[in-house]
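Reminder, nothing fancy here: chain letters follow the sequence lines and each chain counts from 1.
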There are 2 protein chains.
Amino acid sequence: MTDDASSPRRGRPPRGATRLTRESIIEATLEVVDADGIDAVSMRTVARTLGVDAKSLYNHVRGKDDLLDAVAEQLLGGLVFPALTGDLRGDLRAIAYGFREGALLHPAAAPLVLTRQLSSWEGLAPVEAVVGVLLRAGCPPDEAVHLLRTLAAMLIGTLLREVSAGPTFGVDDGIAARREALERSGLPAIGEVGAHLARFDREVEFAFTVDLAIDAVAARLSASR
Amino acid sequence: MTDDASSPRRGRPPRGATRLTRESIIEATLEVVDADGIDAVSMRTVARTLGVDAKSLYNHVRGKDDLLDAVAEQLLGGLVFPALTGDLRGDLRAIAYGFREGALLHPAAAPLVLTRQLSSWEGLAPVEAVVGVLLRAGCPPDEAVHLLRTLAAMLIGTLLREVSAGPTFGVDDGIAARREALERSGLPAIGEVGAHLARFDREVEFAFTVDLAIDAVAARLSASR
DNA sequence: ACCTGAACACCGTTCAAGT
DNA sequence: ACCTGAACACCGTTCAAGT
């Protein structure tokens with residue numbers, strides 16, 4: 001009941017793929033993440049989807065940590081930012097939405113992009129885009145860096161919640177129940193807003209946060225001018 | 001060369017502590033996190049610091065995930081928010097700094113508080129505080145919830161970076177080297193701000209982000225009134 | 001009620017072979 | 001140059017005992 005003698009399990013990968021490669025390993029890791037989440041990633045599961053022994057991966061990757069960094073870098077590198085128009089608000093909005101779109105391409109993998117600190121070149125592209133827009137709008141360099149960091153924190157915080165928000169997305173029944181629980185909490189302010197706290201629309205929340213952030217940046221720039 | 005016969009390793013915990021308890025387990029977990037980081041937490045390491053077998057923990061905790069949730073909840077429960085004065089800006093600032101202070105009490109454990117979504121009662125206290133301030137300032141309920149979520153995202157994003165920022169804190173040599181690398185990156189905007197991008201002062205960055213956020217909230221409230 | 005021995009199905013990683 | 005067998009020191013968790 002074990003492998004048939006004609007099974008192609010020895011010596012060569014059974015997947016039609018050409019050869020074991022850093023790229024193919026990253027791709028396989030992304031497959032595992034998409035299918036079963038980040039926690040399901042192990043050297044063994046990744047190797048299994050490639051039809052290879054786990055130890056073979058070490059010929060192309062320094063270890064599991066390096067592999068996860070590589071996945072994050074690849075996703076970051078895939079981000080596309082639209083051409084800038086010179087309009088501060090429009091350009092910042094385009095960058096934010098471009099970042100979100102890229103991060104949500106593989107929602108389960110998003111925490112990798114959002115929380116790993118990569119010392120690589122890839123991470124600089126979004127930074128360059130944002131700082132470029134701010135400088136062109138007349139922002140002094142030190143304030144541009146502060147604004148960049150605040151914008152990044154907002155974007156990361158918002159997207160992290162978006163990809164890991166578990167409940168609040170169930171059936172309408174869940175919303176009603178959640179609302180009731182909140183209103184029964186005994187906390188007065190929460191009771192007053194329970195109806196709104198029980199719902200969560202990803203697009204609406206993202207739009208609100210981006211609008212607020214851009215308003216804040218614009219206000220700062222016109223103040224410092 | 002194994003345990004001496006008089007070793008108190010059998011039957012009773014060698015630590016002076018009274019008894020194995022959910023609280024003592026949480027405390028021991030926090031010890032492990034503080035000493036060696038979140039990744040060092042395992043049922044075995046936690047049990048070891050208590051002088052107990054790992055399997056004993058299952059009498060008080062549903063599993064590792066439940067244990068980490070419990071740690072996050074305990075830290076959340078320990079947050080102290082100053083009495084509210086009725087001044088929107090002052091009160092929001094006090095809540096933000098109270099949250100930060102609590103989160104940084106155990107910096108290595110902060111990601112637990114910031115990223116785990118707890119369905120527990122503990123998480124509602126900060127929510128109640130923020131929403132209460134907003135409502136008292138005349139904010140309509142739906143906008144109060146949106147503002148709450150945006151503020152939370154900013155706070156979480158900022159604190160997450162603060163606790164996981166690895167480099168940029170080394171010797172001054174590191175700053176100079178980093179600055180040169182950034183200016184050599186070939187990206188024009190980054191080149192212009194490299195000197196500022198190479199430095200990172202936690203207090204200054206936090207203050208900047210909180211100020212910006214509060215300005216933005218105040219602007220929204222006066223607009224919607 | 002609480003603790004442990006034995007056991008299971010996993011991990012990441014190294015190193016000396018093999019081709 | 002690249003892959004694997006054997007091996008090591010780990011994991012989380014269950015369950016049937018023991019007190």
* Find the partner of C/dC8: check Watson-Crick (N1-N3 plus N6-O4 or O6-N4) and G-U wobble (N1-O2, O6-N3) distances, both under 3.5 Å, and reply none if neither fits. => D/dG12

* In the strands shown, is D/dA1 matched to any nucleotide by a Watson-Crick or G-U wobble pair with both distances under 3.5 Å, and which? -> C/dT19

* **Distance in angstrom units between A/Met43 CE and C/dC10 P, rounded** => 18 Å

* Do the side-chain N or O atoms of B/Ser42 get closer than 4.0 angstrom to the phosphate oxygens (OP1, OP2) of D/dG12? -> yes

* To do: Answer with base, sugar-phosphate or nothing: what part of the nucleic acid does B/Asp53 contact at a heavy-atom distance below 4.0 Å?
  => sugar-phosphate

* Rounded to whole angstrom units, what separation is found between the NE2 atom of A/His60 and the C1' atom of D/dT4? -> 14 Å

* Any salt bridge between A/Glu162 and A/Arg100, counting N to O under 4.0 Å? -> yes

* **Salt-bridge present (B/Asp142, A/Arg199; N to O < 4.0 Å)** => no

* For atom CG of A/Leu67 and atom P of C/dG12, their distance in whole Å -> 10 Å

* Asked: Rounded to whole angstrom units, what separation is found between the CG atom of B/Leu57 and the C1' atom of C/dC2?
  -> 12 Å

* Asked: At under 4.0 Å between heavy atoms, what does B/Ser56 touch on the DNA or RNA strands: base, sugar-phosphate, or nothing?
  -> base

* Asked: NA contact type, A/Lys64, heavy-atom cut-off 4.0 Å: base, sugar-phosphate, or nothing?
  -> sugar-phosphate

* To do: Name the closest nucleotide to the B/Asn59 side chain, picking from C/dG12, C/dG5, C/dC3.
  => C/dC3

* Asked: Atom CG of A/Asp39 to atom P of D/dC11: distance rounded to whole Å?
  -> 17 Å

* Structure fact -> Closest to the side chain of A/Arg48, out of D/dT13, C/dT14, C/dC11, is C/dC11

* Asked: So which nucleotide from D/dT14, D/dC3, D/dG5 ends up closest to the side chain of B/Lys55?
  -> D/dT14

